[in-house]
Amino acid sequence: MKLYSTNNHNLSVDFKTAVFNSLPADKGLYMPIILPQFNKEMLESWDKKTLPQIAFDVAYTLLNEAITATDLQEIIDDAINFEAPLVKLADDTFVLELFHGPSLAFKDFGGRFMSRIMAHFLKNEDKEIRILVATSGDTGGAVALGFLNVLGIKVSILYPKGKVSAIQELQLTTNGNNIEAIEIDGTFDDCQRLVKQAFLDDELNAHLNLTSANSINISRLIPQMFYYANTWARLNADFENVVFVTPSGNFGNIAAGMIANKMGLPVKQFIAATNSNDIVPQYFKTGVYTAKPSVTTLANAMDVGDPSNFVRILDLYDNDIFALKTKLISLAYTDEEIKKAIATVYENQNYVMCPHTATGYLAVNEVSKTPQKNTVYVILATAHPCKFPDVFEELNIKIEEPTQVEIMKQKSQHKILMANSFDDFKAHLLA
Ligand SMILES: *Cc1c(COP(=O)(O)O)cnc(C)c1O
């Protein structure tokens with residue numbers, strides 16, 4: 001697979017380069033030059049295959065020139081070692097639970113696959129890589145747990161003091177070994193600024209092999225295609241039309257599904273549900289794309305005011321908004337609506353949704369007012385509700401914590417407290 005930049009269609013880099021650079025120098029995003037197609041035989045074989053087997057088919061279709069089948073098989077078996085079950089909410093509505101990995105969010109697919117891909121490329125190189133990542137909560141956990149004990153890679157995670165939930169903090173601070181958690185006395189934007197500045201610093205780059213692990217990395221995107229393919233395989237015998245409803249912030253998750261669709265996965269429609277950060281829904285309404293400062297919501301992993309991966313989606317449709325609108329709908333919901341949806345689903349179905357997932361439920365409610373024949377809606381449940389406890393206390397809903405959390409609570413926490421100062425951060429990295 002060779003990749004171009006969304007800002008320069010003449011560029012051509014190999015997969016390894018795209019993985020370690022994350023971003024092309026022109027600030028576009030990497031996209032595959034050719035999107036190979038899943039053939040009919042492959043699609044028909046999937047109803048008898050497991051999630052890791054389908055994952056292999058999807059990844060190998062893209063990466064067969066970059067990685068041998070044996071190595072890719074090993075990476076996938078190691079990375080995709082948890083389930084993505086479908087839970088039935090109604091005859092035509094399912095929840096796809098993507099939170100059964102170590103950090104209890106869909107980002108485990110990306111975090112675990114990316115770490116093993118990087119380790120694979122570093123195997124025969126005698127150098128240590130330092131990953132820097134700023135997190136508002138969920139990315140950090142998936143990256144920390146994804147890279148834990150991966151040889152040749154050290155990870156520094158910056159997170160804003162007092163702004164992540166208790167479970168998110170445990171996921172960052174109870175690892176030790178090659179993972180360090182740095183609590184910055186500042187906001188998420190400050191953390192992001194420190195990381196960006198580090199990547200631009202000559203002295204740091206002379207001493208360390210710095211790499212990013214942010215959500216625009218192509219190796220985080222590819223594994224997110226696996227569960228769209230697997231879910232289609234589970235449902236296609238019973239339903240002609242599969243509609244995926246993806247709670248969206250930076251639009252990476254839904255971009256992966258839409259790339260899979262362009263590679264031949266039969267998907268009738270995608271719906272990107274957002275919180276009050278309604279940049280894309282507004283763009284679809286007005287035809288004008290206006291980035292805005294993000295506003296804080298209950299679904300805070302989706303508080304994004306300029307969704308980076310949306311350019312990938314536009315690029316898939318040659319920047320033709322009319323063509324794009326035939327495949328993608330985007331709808332926004334307020335905190336009040338999110339709260340009400342969580343309460344309704346709990347009352348009627350005895351099922352607890354996290355605030356992000358609730359936006360997906362709201363979108364299904366809105367679009368299924370006009371019933372469609374032979375159509376099934378799949379809401380992607382992006383995180384376990386225990387990661388976002390505040391709203392549930394208020395709603396008087398009790399949440400059972402999975403065993404991973406019990407185990408983490410027994411461990412000791414290690415974090416480095418740091419002022420919001422680049423000099424301090426730099427001195428720490430050089431020490
Ligand atoms: C990251 C995240 C999202 C948003 O995913 P994008 O790929 O950025 O659109 C939604 N829900 C949860 C729980 C997340 O952690």
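- Leu72 approaches Ile67 most closely through the heavy-atom pair N-CG2, 3.7 Å.
- Applying the side chain to side chain contact (heavy atoms under 4.5 Å, CB included) rule to Pro402 yields the partners Leu104, His384, Cys386, Gln404, Val405; only residues at least two apart in sequence or on another chain are considered.
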Q: Could you give me the CA-CA distance, side-chain angles and deciding distance for Val155 and Val143, then say whether side-chain contact (heavy atoms from CB on, under 4.5 Å) is met?
A: CA-CA 8 Å; Val155 184; Val143 169; 4.0 Å; yes
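- The aromatic rings of Tyr289 and Phe310 lie parallel to each other, with less than 30° between the two planes, well short of the 60° mark.
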Q: Decide yes or no on salt bridge (Lys or Arg N to Asp or Glu O under 4.0 Å) for Glu240 and Lys373, but give the supporting numbers first.
A: CA-CA 9 Å; Glu240 203 178 310; Lys373 257 181 112 180; over 6 Å; no
Q. What's the verdict on side-chain contact (heavy atoms from CB on, under 4.5 Å) for Met263 and Ile259, showing C-alpha distance, side-chain angles and the deciding distance?
A. CA-CA 6 Å; Met263 290 173 65; Ile259 293 171; 4.2 Å; yes
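- Side-chain contact, Asp108 with Ser103: a donor N or O sits under 3.5 Å from an acceptor N or O.
- No more than 12 heavy atoms of other residues, nucleotides or ligands sit less than 6.0 Å from atom CD of Glu83.
- In this structure, Phe109 has its ring center under 6.0 Å from that of Phe82.
- With no hydrogens or angles considered, no side-chain donor-acceptor pair links Asp47 and Asn236 at under 3.5 Å.
- With sequence neighbours left out, Tyr227 forms a side chain to side chain donor-acceptor pair (under 3.5 Å) with Asn253.
- Annotation: the span from Ile117 atom CD1 to Met114 atom CE amounts to 10.5 Å, rounded to 0.5 Å.
- Using a distance-only test at 3.5 Å, with no hydrogens or angles considered, no donor-acceptor pair links the side chain of Asn21 to the main chain of Leu23.
- His207 NE2: 12 or fewer foreign heavy atoms inside a 6.0 Å radius.
- Formation of a donor-acceptor pair under 3.5 Å by the Asn205 side chain with backbone atoms of Leu210 is not found in this model.
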Q: Please lay out, stage by stage, how Val367 and Ile271 fare under the test side-chain contact (heavy atoms from CB on, under 4.5 Å).
A: CA-CA 9 Å; Val367 298; Ile271 304 177; 3.7 Å; yes
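- In summary, the side chains of Tyr283 and Asp278 do not present any donor paired with an acceptor at a separation below 3.5 Å, with no hydrogens or angles considered.
- For Ser248 (side chain) and Phe251 (main-chain N/O), no donor-acceptor pair under 3.5 Å exists by modelled atom type.
- Within a 6.0 Å radius of NZ in Lys49, other residues, nucleotides and ligands contribute more than 12 heavy atoms.
- The CZ atom of Arg312 sits 4.5 Å away from atom CD1 of Ile218, with the distance rounded to the nearest 0.5 Å.
- Shown here is Gln413, whose CD atom has more than 12 heavy atoms of other residues, nucleotides or ligands within 6.0 Å.
- When the side chain to side chain contact (heavy atoms under 4.5 Å, CB included) test is applied to Tyr346, the partners found at least two apart in sequence or on another chain are Asn350, Val352, Ile397.
- Residue Gln37 qualifies as enclosed at atom CD: its count of foreign heavy atoms under 6.0 Å is above 12.
- The backbone N or O of Phe284 lies less than 3.5 Å from a partner atom in the side chain of Lys325, making a donor-acceptor pair.
- When only modelled atom types and interatomic distance are considered, Arg130 and Ser156 share a side-chain donor-acceptor pair under 3.5 Å.
- A search for side chain to side chain donor-acceptor pair (under 3.5 Å) contacts involving Gln269 returns nothing, not counting sequence neighbours.
- Thr382 and Thr357 get closest at one heavy-atom pair: N-OG1, 3.3 Å.
- Side-chain atoms of His356 and Thr297, non-hydrogen and from C-beta on, never get closer than 4.5 Å to each other.
- Remark: the backbone N or O of Gly110 is not paired with any side-chain donor or acceptor of Arg220 at under 3.5 angstrom.
- Closest of all the heavy-atom pairs between Leu331 and Ile329 is CG-CG2, 3.9 Å.
- A side-chain donor from one of Asp14 and Thr17 sits under 3.5 Å from a side-chain acceptor of the other.
- For Asn8 (side chain) and Tyr4 (main-chain N/O), no donor-acceptor pair under 3.5 Å exists by modelled atom type.
- Considering all non-hydrogen atoms of both residues, Gly252 and Asn309 come closest at CA-ND2, 3.4 Å.
- Rounded to the nearest 0.5 angstrom, Asp190 CG and Lys161 NZ are separated by 13.0 Å.
- Heavy-atom contacts from other residues, nucleotides or ligands closer than 6.0 Å to CG of Leu200 number more than 12.
- Below 30°, between 30° and 60°, or above 60°: for Tyr60 and Phe56 the angle between ring planes is below 30°, a parallel geometry.
- Closest non-hydrogen pair, Leu172 versus Gly141, comes out as CD2-N, 3.5 Å.
- Counting only N and O atoms by type, the side chains of Tyr159 and Gln168 include no donor and acceptor under 3.5 Å apart.
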Q) Given the rule in the salt bridge (Lys or Arg N to Asp or Glu O under 4.0 Å) test, do Arg116 and Glu74 qualify, once you have shown the distances and angles that lead to the verdict? A) CA-CA 9 Å; Arg116 281 148 187 83; Glu74 207 173 290; over 6 Å; no
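- A donor atom on one side chain and an acceptor atom on the other are not found under 3.5 Å apart for Gln372 and Asn241.
- Because its NZ or CZ atom is both nearer than 6.0 Å to the ring centre of Tyr317 and within 45° of the ring axis, Lys262 counts as a cation-pi partner of that residue.
- Rounding to the nearest 0.5 angstrom, the gap separating the OG atom in Ser5 from the CE atom in Met31 is 11.0 Å.
- Crowding of Lys268 atom NZ: a count of heavy atoms from other residues, nucleotides or ligands under 6.0 Å not exceeding 12.
- Residues satisfying the side chain to side chain contact (heavy atoms under 4.5 Å, CB included) criterion with Ser212, sequence neighbours excluded, are Ser22, Phe199, Asn214.
- Aromatic ring centres of Trp232 and Phe244: separated by at least 6.0 Å.
- To the nearest 0.5 angstrom, Glu169 atom CD is 5.5 Å from Glu183 atom CD.
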Q: Take Met1 and Glu65, measure what side-chain contact (heavy atoms from CB on, under 4.5 Å) needs, and give me the verdict at the end.
A: CA-CA 6 Å; Met1 180 175 70; Glu65 285 166 20; 5.9 Å; no
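- Remark: Val304 engages Asn250, Pro307 in a side chain to side chain contact (heavy atoms under 4.5 Å, CB included) (not counting sequence neighbours).
- Between the side chain of Ser330 and the main chain of Ala272, a donor-acceptor pair closer than 3.5 Å is present.
- Using a 3.5 Å distance cut-off with no hydrogens or angles, the side chains of Tyr228 and Thr246 do pair a donor with an acceptor.
- Contact detail for Phe425 and Leu194: the closest heavy-atom pair is CE2-O, 3.7 Å.
- Here Ile129 contributes atom CD1 and Asn209 contributes atom CG; the two are 5.0 Å apart, rounded to the nearest 0.5 Å.
- Under a cut-off of 6.0 angstrom, the local environment of CD in Glu41 is sparse, with at most 12 non-hydrogen atoms contributed by other residues, nucleotides or ligands.
- A distance-only check finds a donor-acceptor pair linking the side chain of Gln349 to the backbone of Leu89 [under 3.5 Å].
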